[in-house]
Amino acid sequence: MTLILNTWIFEKDVQNGTSQVELVKRAARLGADGIEVRREYFTDFANELPAVATAARENGLIVNYSVPDVVFEKDGSVNPKLTQYFAEGQTMGISKIKFNTGNFNQFTGNLTDAFTSLPLAEIKMNVENDQTPVSGTPDAIINFLTTARQAGLNSIGYVYDLGNWAFTGFDAVTAAKELAPFCDYIHLKNSMLDQDGQMITTADLNRGMFNWQIILNYLPKDAQVALEFPMSSDELIAQQMELLKK
């Protein structure tokens, strides 16, 4: 298993001013195979991006990039910022870049032409199921990825985000079965209702509404797996990593 740590894990430290450059080194010390950095956590792109690349290279870590933006705008046009995001990823030496699909149902162009300027041979582009009706349904994701495959864009894949199904109300097992052919990356987190009836992400894979072990049985065994939920200490992170490895 290739185990990635998404930097949301270190949310409290980021809020207190820790840079993702330092988190690369911390992920290595914890024994992860890679780190998934989040675009919204960068404050100084010019200095932090190359520093992430250096730290990852020195520590032998994979770098993935989570970008909180859509591939397709509301009118169906391709997001003009994609080129910029890929360039940022190239500076960091990333393997994968992750977006939300957005409004592919409004797209009327040619996918091959639309993505011709993107370095898809170098960086794998992924979309995930988010918490919205537009990008968080199995049908929307399958529609986009099937069209991409038919267009020969085989370097576009899917991130299965377990916890997000709690927010959109789709059955996580059924979704895993339907989306498995496109999946090469898994975000693991669990969800539950709090005392106020609000859906929350828990700090323990074994606490919540999902049986993550069963879910993994339906997804590709060679997919990268990322832990993606805030944890309060390195001890807890190490515990959750060990739980996953077992």
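We're numbering straight along the sequence, starting at 1.
Smallest separation of non-hydrogen atoms from E128 and N164: OE2-ND2, 3.9 Å. Nearest approach of E48 to T43, heavy atoms of both residues: OE2-N, 2.9 Å. Considering every non-hydrogen atom in both Y158 and N126, the closest pair reads N-ND2, 3.0 Å. Considering every non-hydrogen atom in both S66 and E40, the closest pair reads O-OE1, 4.3 Å. When all heavy atoms of M241 and L227 are compared, the pair lying nearest together is CG-CD1, 3.8 Å. Residues A55 and V21 approach most closely at CB-O, 4.2 Å, considering heavy atoms.
Transitive grouping of hydrophobic side chains (ILVMFWY, heavy atoms separated by less than 4.5 Å) brings V127 and W165 into a common cluster.
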Per-pair distances, 0.1 Å, donor-acceptor, side chain in residues 139-147, under 3.5 Å, sequence neighbours excluded:
unit_1 : atom_1 : unit_2 : atom_2 : d
T146   : OG1    : I142   : O      : 2.7
T147   : OG1    : N143   : O      : 2.8

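Within a 6.0 Å radius of NZ in K74, other residues, nucleotides and ligands contribute 12 heavy atoms or fewer.
Remark: the E88 side chain and the Q84 side chain contain an N/O donor-acceptor pair separated by less than 3.5 Å.
The backbone N or O of F210 sits less than 3.5 Å from a side-chain atom of N190, completing a donor-acceptor pair.
None of Q224, Q20, H187, K96 except one satisfies the side-chain hydrogen bond (donor to acceptor under 3.5 Å, both in side chains) rule with E36; the exception is H187.
Proximity of I215 to Y160: side-chain heavy atoms (C-beta onward) are separated by under 4.5 Å at one or more points.
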